[in-house]
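In this text, all values refer to a predicted model and were calculated from it rather than measured experimentally. Numbering of ligands and ligand atoms starts at 1, following listing order.
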Amino acid sequence: MQLKAPEHQVAGHIAKDGKPGPLVDDKGRFFKPLQGDSRGEIEVKFYESFSSNTEVPEHIRRYFPVYHGTQAVEGSDEAAMIVLENLLADYSKPSVMDVKMGTRTWYPEASEEYIQKCLRKDTGTTTVSAGFRISGFEVYDHKESSFWKPERKLLRRLDVDGARLTLRKFVSSNSFSDIGSKPDSAFASSVYSGSHGILTQLLELKTWFESQTLYHFNSCSILMVYENESILKGNDGDDARPKVKLVDFAHVLDGNGVIDHNFLGGLCSFINFIRDILQSPDESAES
Ligand SMILES: O=P(O)(O)O[C@@H]1[C@@H](OP(=O)(O)O)[C@H](OP(=O)(O)O)[C@H](O)[C@H](OP(=O)(O)O)[C@H]1OP(=O)(O)O
Ligand SMILES: Nc1ncnc2c1ncn2[C@@H]1O[C@H](COP(=O)(O)OP(=O)(O)O)[C@@H](O)[C@H]1O
């Protein structure tokens with residue numbers, strides 16, 4: 001089995017200091033190392049429970065990566081990995097964004113030390129103010145014909161206006177190296193709107209979150225992806241194949257019959273940000 005580091009990972013842990021990072025194969029699978037302490041265990045428990053939970057509607061399942069169990073992976077010190085569907089396997093020039101949802105990333109059951117660390121990040125980012133934060137993104141820069149990925153510390157400094165602007169940049173044809181240019185939102189309608197667009201998918205998820213009490217998705221992210229290949233061929237984004245998926249279940253807890261207000265609140269706010277862009281795609285924003 002030929003494994004390599006994913007080309008377009010935008011957030012999360014990477015191979016460092018002897019610790020393994022995620023890997024992908026050429027058969028459409030994504031291998032995520034089981035994280036230490038209880039995180040790996042919690043994520044596996046979630047996938048096992050979710051995969052067999054008959055209360056989860058089929059149309060909601062498609063918003064989650066397919067789970068293929070766990071496996072000790074050769075060439076990675078036999079590290080135990082969670083084997084998932086590689087969400088980017090069918091994309092050749094993807095633009096990708098990871099948005100961590102919720103007005104808080106901590107939860108009462110966590111240690112005091114962990115809560116304090118989360119609180120510092122939550123108050124210092126748009127988590128508290130907007131109900132989500134952009135954890136990572138990479139866009140295909142049409143002018144430069146290359147991928148552009150900002151540094152993580154830059155993203156951590158984004159305020160609400162910065163997040164708004166970044167969501168415009170994600171669907172713009174401007175070059176990122178051209179600092180002065182205002183994002184043109186050229187692909188906003190192909191990516192964010194339409195019956196298969198990001199907004200429709202987010203609204204479908206929201207409807208489920210308004211009643212689901214099975215799980216609480218603490219610190220979980222929405223991964224948004226679209227394909228630039230067809231746009232490059234001049235097809236005007238007809239085949240952008242925008243996709244919404246949930247990732248990172250290392251802190252998911254049982255819902256115990258209670259609605260996940262933290263995730264739902266963040267999702268409602270995020271939907272409003274996307275709606276605003278669609279309602280005024282030409283609005284000149286500061287860059
Ligand atoms: O270690 P840090 O400070 O980079 O924090 C990680 C987060 O990076 P961020 O600061 O949000 O960009 C990181 O966030 P992303 O996945 O990058 O969005 C995770 O929250 C990670 O925790 P876990 O894998 O969910 O248990 C976080 O790791 P832990 O703090 O939980 O070890
Ligand atoms: N199933 C997947 N397919 C493709 N890429 C993925 C998949 N899951 C995660 N990723 C990539 O890895 C990043 C980190 O994933 P995540 O599960 O949040 O890891 P961590 O627990 O280390 O934070 C995501 O932002 C995304 O870029």
For ligand 2, which atoms have a heavy atom of [X] less than 4.0 angstrom away?
X      : result
Leu223 : 25 (O), 26 (C)
Gln35  : 21 (O)
Glu85  : 1 (N), 2 (C), 3 (N)
Asn86  : 3 (N), 4 (C)
Lys32  : 16 (P), 17 (O), 19 (O), 20 (P), 21 (O)

Does this structure show an ion pair linking [X] with [Y], if we count only N-O contacts that are shorter than 4.0 Å?
X      : Y      : value
Glu58  : Arg61  : yes
Glu210 : Lys206 : yes
Asp26  : Lys4   : no
Lys143 : Asp141 : no

Exercise. Please work out which of Phe31, Phe137, Phe30 has its closest non-hydrogen atom nearest to atom 11 (C) of ligand 2.
Key: Phe30

Quiz prompt | CE-CG distance between Met224 and Asp98, expressed to the nearest 0.5 angstrom | solution = 9.5 Å

Practice problem: May I ask you to check whether His216 and Tyr107 place their ring centres under 6.0 Å from each other? | Solution: no

Practice problem: Please confirm whether Asp98 comes within less than 3.5 Å of ligand 2 when only nitrogen or oxygen atoms on both sides are compared. | Solution: yes

Quiz prompt | Side chain, backbone, both or neither: Leu87 near ligand 2, heavy atoms under 4.0 Å | solution = both

Exercise. Look at ligand 2 and say whether Val96 reaches it with a heavy atom at a distance under 4.0 Å.
Key: no

Self-check item: Of Lys245, Glu204, Gln201, the residue whose pairing with Tyr63 passes side chain to side chain donor-acceptor pair (under 3.5 Å)
Solution: Glu204

